[in-house]
Engineer: 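Handing you this structure, nothing more for now.
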Amino acid sequence: MSERSELTTSKGPTLPETDRARRVLTLRDVEAPFPLADSERDAYLRRVSTLFADDSRCRRGGLGRVLHATNALGEQFAVKLLILPSESDGGRDTGAEENEASLRLAFRREYECQRSLALLRGFPRLYAYGHVDGVPAIVMEWVEGLTLVEARHELAVDDEGRLSPLTVARMGRDLFELIARLSLVGGGLVHRDVSMANVMVRTAHRSLEQQRAEGSFDLCLIDFGSAEPAATERESFTVAHGALRHATVAYAPPEMLSDDVAEVERQRHSSAIDVYAAGSVLCELLGGQAPFPDATRVASPYRHKVERAPDRPVPAHAAASDLAAVLAREGEAAVIVAPLALERELSPHSAELRRALSLADEQIADALMACLAVDQCRRPMPELMRDELDGLADRYGRNVRRTLDGRSLTPCMTGSTWLGISPPLSRWRLLRTAGRAIGLLSMGAVVATTSWLAGAGDPGRTSPVAALLLAPSLLALVARWRDVSGAAGLVRGSVALAAGSVASAALFWTHMGMGDSLSGALAAVLACASATWLPLAVDYACACAPGIAREAKRQLPAPVVESATPTLEETKTRHLP
């Protein structure tokens with residue numbers, strides 16, 4: 001239950017001389033987002049009931065406008081005030097915002113969604129809900145930092161606004177981690193408006209440059225005006241009340257851009273919405289423009305995104321006319337490239353070096369393009385994208401070296417992404433199903449035959465024999481759990497299967513009194529273990545094989561044959577600092 005107070009102030013306090021340009025916001029019906037003890041309630045609510053707002057630091061945010069404010073203690077807050085129809089500039093969105101009661105309900109729903117996330121890292125802290133002159137207001141943390149729109153200008157490595165591919169992979173990993181956290185509250189939430197303006201990089205504790213150098217970004221997802229519960233079976237708020245829930249056209253998936261789609265309401269409560277939008281944001285950071293740069297200028301953005309293929313991002317290394325200038329602006333990649341170039345005596349302008357970097361960049365582009373599938377079922381889960389990009393960032397330098405050595409790139413071996421994007425009847429899925437079926441049938445046949453022979457019709461012996469044969473398999477499945485196609489899952493399952501088989505064989509030896517049938521029982525244990533290990537191995541193989549095959553087909557740069565006597569120009573270039 002939230003705590004509510006009727007704190008009111010007939011007259012605002014006298015402003016300090018430094019705050020003369022600010023106006024006083026007096027919150028009434030103040031409500032705390034969490035329970036408070038009676039001894040703490042009044043002091044807490046007074047802390048946020050009178051605030052000094054700076055109208056010069058204001059921005060539009062979904063259903064409201066956000067003001068920077070401070071209290072008498074100097075604490076900073078962000079106050080979001082609902083924009084009522086009469087306040088719409090020039091009548092914009094008037095048709096969608098006719099019903100004031102629906103707008104108030106939508107604003108309250110935004111508060112409830114944000115309250116469920118307020119204690120999780122990566123989302124603004126929430127302080128209060130109330131009314132200012134009858135207008136609903138949300139008091140939350142003032143996030144000190146930059147939106148991706150602003151951060152992009154500081155992190156760009158070329159004039160087109162591209163970021164270093166390695167930076168994009170690391171930032172993407174941290175962004176998909178935030179999206180994955182949305183599933184931790186209740187039945188989960190879907191943000192539905194992930195965009196460049198709604199993702200911030202906090203800079204209160206670490207500067208933007210420091211975060212880039214360390215390879216981790218303190219991201220914060222803001223503006224939950226369009227958020228909805230995930231996988232809900234009830235009618236959505238937009239349909240029920242007619243309030244407009246915004247989605248940024250440049251990044252939104254097709255299903256958010258048209259109501260004339262089969263099962264559109266079910267699709268709009270899927271995390272695949274945020275995966276598509278996050279993929280679009282990262283594609284823009286990688287390639288300098290959104291995957292559908294004309295989406296905001298066409299008559300039907302929905303048809304535009306359904307009927308056209310998204311533009312593949314062209315990373316900075318491939319697009320640069322001067323590779324040395326790009327490398328000079330991306331310190332993290334330069335740390336990787338400098339030793340390789342020195343070792344092979346390659347100049348920063350080397351075509352071989354450009355091709356090696358471009359091939360490593362293509363892996364990152366491949367992962368992001370998977371997010372832009374029109375069919376939701378073919379988009380990876382947020383957790384899988386997080387792991388994929390983390391693996392690509394970790395292997396980036398090694399893959400550049402492998403390419404320079406003329407070897408295929410190492411695919412990301414998270415072992416899971418294919419489950420989210422492969423069609424149901426792909427050869428890898430069919431092979432996986434066949435392996436599971438063969439293993440299950442083999443194990444069933446061995447268990448049934450051995451139990452019948454060993455028990456000789458005695459249920460008192462048949463059941464224990466069957467239990468001993470099945471126990472190692474069950475132990476292996478529990479040890480692997482949900483990691484059905486990762487290397488860690490295969491190792492855990494295999495170790496558990498081996499340990500369980502040894503224990504099962506020992507019990508046969510010491511307690512079952514099998515006599516002449518002991519060798520057959522031990523053979524049955526080994527057969528069951530083999531039948532169980534087959535699906536484990538097939539799951540892992542099918543997960544890794546597509547990536548290995550893709551990298552084997554990727555065209556590698558031809559090795560550069562150095563002339564015995566370098567030219568004068570080559571000699572000068574090699575010795576450039």
Side-chain angles (χ1 to χ4, degrees), residues 59-63 92-93 95-96 147-153 156 160-163 168 171-172 175-176 179 190-199 221-228 236 238 244-265 267-316 319 364-380 382 385 421:
R59 74 175 185 89
R60 175 73 184 252
L63 297 174
R92 183 177 61 184
D93 297 338
T147 67
L148 288 187
V149 176
E150 300 162 329
R152 176 185 183 181
H153 296 296
E160 302 300 321
R162 297 181 178 90
L163 270 60
V168 172
M171 186 177 288
L175 177 56
F176 279 109
I179 295 173
V190 184
H191 187 278
R192 306 206 308 178
D193 192 20
V194 177
S195 66
M196 297 279 286
N198 287 338
V199 180
L221 195 56
I222 63 173
D223 194 352
F224 287 81
S226 298
E228 284 278 353
S236 78
T238 305
L244 180 62
R245 316 300 296 281
H246 297 277
T248 307
V249 173
Y251 312 106
E255 60 268 25
M256 286 295 291
L257 302 176
S258 174
D259 294 326
D260 190 19
V261 180
E263 299 184 336
V264 66
E265 282 308 311
Q267 294 183 34
R268 287 180 177 177
H269 291 83
S270 169
S271 61
I273 296 283
D274 294 338
V275 169
Y276 187 105
S280 298
V281 167
L282 294 169
C283 280
E284 180 169 344
L285 295 177
L286 182 65
Q289 64 177 19
F292 294 93
D294 300 326
T296 57
R297 299 191 292 271
V298 298
S300 174
Y302 168 78
R303 294 181 63 87
H304 185 69
K305 292 195 173 186
V306 168
E307 296 175 354
R308 288 187 67 254
D311 292 348
R312 185 180 177 86
V314 181
I364 299 172
D366 287 342
L368 299 182
M369 292 298 288
C371 299
L372 306 183
V374 174
D375 185 355
Q376 280 191 348
C377 296
R378 301 196 67 183
R379 298 173 200 162
M385 280 303 303
I421 62 176

Engineer: Donor-acceptor check, side chain of Ser300 to backbone of Arg303, threshold 3.5 angstrom: yes or no?
Structural biologist: yes

Engineer: Are the side chain of Glu150 and the backbone of Thr147 linked by a donor-acceptor contact shorter than 3.5 Å?
Structural biologist: yes

Engineer: Locate the shortest heavy-atom distance separating Arg192 from Ser226; write the atom from each residue and the value.
Structural biologist: NE-O, 2.8 Å

Engineer: Mind running side-chain contact (heavy atoms from CB on, under 4.5 Å) on Met171 and Val168 for me, showing each step along the way?
Structural biologist: CA-CA 5 Å; Met171 186 177 288; Val168 172; 5.8 Å; no

Engineer: Could you work out, with side-chain hydrogen bond (donor to acceptor under 3.5 Å, both in side chains) as the rule, every residue matching Asp311, not counting sequence neighbours?
Structural biologist: none

Engineer: For Asp274, is there an ion pair with Arg379 - N to carboxylate O distance below 4.0 angstrom?
Structural biologist: no

Engineer: If you measure from CE on Met369 to CZ on Arg312, what distance do you get to the nearest 0.5 Å?
Structural biologist: 6.0 Å

Engineer: So, do Leu286 and Leu163 sit near enough that their side-chain heavy atoms are less than 4.5 Å apart?
Structural biologist: no

Engineer: Rounded to the nearest 0.5 Å, how far apart are CD1 of Ile364 and CG of Leu282?
Structural biologist: 10.5 Å

Engineer: Is it true that a side-chain atom of Asp193 and a backbone atom of Phe224 form a donor plus acceptor pair closer than 3.5 Å?
Structural biologist: no

Engineer: What pair of heavy atoms forms the shortest contact from Pro315 to Arg162, and how long is it?
Structural biologist: C-CD, 3.8 Å

Engineer: Can you name the nearest heavy-atom pair linking Val249 to Ala295, along with the distance?
Structural biologist: CG1-O, 3.8 Å

Engineer: Just do the side-chain contact (heavy atoms from CB on, under 4.5 Å) check on His191 and Asn198 with the steps written out, would you?
Structural biologist: CA-CA 10 Å; His191 187 278; Asn198 287 338; 4.2 Å; yes

Engineer: Which heavy atom in Pro380 sits nearest to a heavy atom in Ala370, and how many Å separate them?
Structural biologist: CD-O, 3.5 Å

Engineer: Do Pro254 and Tyr276 come close enough that some side-chain heavy atom pair is under 4.5 Å?
Structural biologist: yes

Engineer: Only one of Ser280, Pro253, Cys371 clears side chain to side chain contact (heavy atoms under 4.5 Å, CB included) with Val275; which?
Structural biologist: Cys371

Engineer: Which pair of heavy atoms, one from Leu372 and one from Gly279, lies closest together, and at what distance?
Structural biologist: CD2-C, 4.1 Å

Engineer: Does any part of the side chain of Val190, heavy atoms only, come nearer than 4.5 Å to the side chain of Arg268, both counted from C-beta?
Structural biologist: no

Engineer: Search all heavy atoms of Val149 against all heavy atoms of Ala197 and return the closest pair with its distance.
Structural biologist: CG2-N, 4.0 Å

Engineer: Hey, what do you get for OG (Ser271) to CZ (Phe176), rounding to the nearest 0.5 Å?
Structural biologist: 10.5 Å

Engineer: Mind checking the CD-SG spacing from Gln267 to Cys377? Nearest 0.5 Å is all I need.
Structural biologist: 8.5 Å

Engineer: Drop me the distance from Glu284's CD to Leu148's CG, to the nearest 0.5 angstrom.
Structural biologist: 9.5 Å

Engineer: Nearest 0.5 Å, what's the CZ-CZ distance between Phe292 and Arg297?
Structural biologist: 13.5 Å

Engineer: Between Lys305 and Glu255, is there a donor-acceptor pair closer than 3.5 Å when you use the side chain of the first and the backbone of the second?
Structural biologist: no

